[in-house]
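Structure first, then comments.
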Amino acid sequence: MHQRGSFVSPLLSGVFCQCRSEEYQGSDPGGGGRTLGSSCDSPHHCPVCGGPEQEHRLKVLFQILDVNGDGGICVNDLTIGLKKLGVHCTEHELKKIVKAGDKDLDGQLDFEEFVHYLRDHEKKLRLVFKSLDKKNDGRIDSQEIMQSLRDLGVHISEEQAEKILKSMDKNGTMTIDWNEWRDYHLLHPADNIPEIILYWKHSTIFDVGESMLVPDEFTAEEKKTGMLWRHLVAGGGAGAVSRTCTAPLDRLKVLMQVHASRSNSMGIAGGFTQMIREGGLRSLWRGNGINVLKIAPESAIKFMAYEQIKRLIGSNQETLGILERLVSGSLAGAIAQSSIYPMEVLKTRLALGRTGQYSGMKVCAKHIFKKEGLKAFYKGYIPNMLGIIPYAGIDLAVYETLKNSWLQRFATDSADPGVFVLLACGTMSSTCGQLASYPLALVRTRMQAQATQEGSPQMTMTGLFRHIVRTEGAIGLYRGLAPNFMKVIPAVSISYVVYENLKITLGVQSR
């Protein structure tokens, strides 16, 4: 992790509001400024309120950085202008600043884009500051830096933590208050600790249709500002698009899990041909409606359960350790799955149904209730619950291992992993999780579908395991695995792209 000079121009320090209102006293970290654009009852022209003084400071700063005076700040302008102010950045960092604020993609920041960048950047810095301030005393010390990184599986010495502090500490106290933190990072893209904390989100962006992932960690500030729910809405929308795009592969997987055997050797091409011949192209999406509908209730229940379980296990940290996340996430997943499990059964029955058999979800639900009773809506429940633990555990363990490996090897000047690294880690961890839990998922689907197979005995979970192994061998427990794995990469990629675009639409701070 590299150091920079701690000198910050007085002009930079004065860009943000230093006033205090009753609303912010005691709640603003470090007793420092508030966010650009917020309101203040102060009678003078408060910089934060967008008054003349605030506008003047920003314009003067913009003019200093606009070296060639063409009304736009490019990378070359930043290089020269920031050196005048005693701020030193690498070319990579300067490109990131321009890219982050360049809304019209003309390669430079005009005044409006520059102000918008500063506003968004300060909001992000505030969230990171609060997540680092474990003692909630408005200051960050070396122990808090070490603890925050340790929570993420990155271990540094106290000497390294103190070096990080010294680069930001202007008054020699060996602690950083809000003003020092903000001034240091004001015209730097977030790097090192801020990036490590903000970049490595996991669950909300990788929807492969299984809904067993451990929820993300959100800071108290994100919860208060409503960013949490915007993240969840963006994740739900991304999941809906992703599942719809990969629905044909998902339906093929269900058909192969139930009907494929040694005798009929149903394959991918034969399965698609059979579905299209039986019900046309539209039949490829049979059961997708209920699969999309269950995203919202399941995500909401899982997140709320996760938060309550975190409190019950007595953790005061916003970021849990891996074992705590596994326990909390698995229990939350079990609660959420229990709540929406009848919808899982409906999805399977609709996917296996013949053309014209059910005109909709309600008809299917009534038919099951009338013929088989309420108990039918919980067939396969036990193997489904058992599958959550290996899926969540292996998915989380593999993701953390890959993440930490990348951070240890490559996070020297920046912890920004880039899109492809995130997608690769998410895809590999999800694939490993599915591979471990797949036999249980297959048995669950067979149990959900038993009533549709006339003349076949209604077997228990252990009975089905024995029957499959005896008649088809161990390979029988992995029927339908090929289409299941075929959908992972497109599902992860589509959900990531849609998630990022929805975040922008909803006003969520994007990577």
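No hydrogens, no waters, no symmetry mates; every other heavy atom, side chains included, goes into these values.
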Take L350 and I290 through the side chain to side chain contact (heavy atoms under 4.5 Å, CB included) test and state the conclusion after the steps.
CA-CA 9 Å; L350 286 166; I290 193 88; 4.2 Å; yes
Crowding at CD1, I489 (>12 non-hydrogen neighbours, <6.0 Å):
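No, because the 6.0 Å sphere around CD1 of I489 holds 12 heavy atoms or fewer from other groups.
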Over 12 foreign heavy atoms within 6.0 Å of CE, M361:
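More than 12 within 6.0 Å, yes.
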For the [atom1] atom of [X] and the [atom2] atom of [Y], what is their distance to the nearest 0.5 Å?
X    : Y    : atom1 : atom2 : answer
L506 : R230 : CG    : CZ    : 7.5 Å
L132 : I176 : CG    : CD1   : 8.5 Å
T246 : I494 : OG1   : CD1   : 6.5 Å
W178 : K130 : CH2   : NZ    : 9.0 Å
Y117 : K99  : OH    : NZ    : 13.0 Å
F129 : R139 : CZ    : CZ    : 8.5 Å

Might you point out which heavy atoms bring I295 and G236 nearest each other, and give the distance in Å?
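For I295 versus G236, the nearest heavy atoms are CG2-CA, 3.8 Å.
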Check A482 against I268 and note the closest heavy-atom contact, atom names and distance.
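Where A482 meets I268 most closely, the heavy atoms are CB-CD1, 3.9 Å.
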Quick test of your reading of the model: are K135 and E144 salt-bridged, counting only N-O distances below 4.0 Å?
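A salt bridge is absent here (no side-chain N lies under 4.0 Å from a carboxylate O).
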Salt bridge or not for K487 and D250, using N-O below 4.0 Å?
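Salt bridge present between K487 and D250.
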Strictly distance-based, threshold 3.5 Å: is any side-chain N or O of [X] a donor or acceptor partner for the main-chain N or O of [Y]?
X    : Y    : result
S429 : G426 : yes
D395 : Y399 : no
S242 : A491 : yes
N484 : K253 : no
S283 : M275 : yes
T427 : A424 : no
D77  : D66  : no
S405 : T401 : no
Y391 : A436 : no
N501 : V498 : no

Identify, with sequence neighbours excluded, every residue that meets side chain to side chain donor-acceptor pair (under 3.5 Å) alongside [X].
X    : result
Q143 : E158
T244 : N288
D110 : none

Applying side-chain hydrogen bond (donor to acceptor under 3.5 Å, both in side chains) to Q108 and D102, what does each step give before you reach the verdict?
CA-CA 6 Å; Q108 60 181 11; D102 186 15; over 6 Å; no
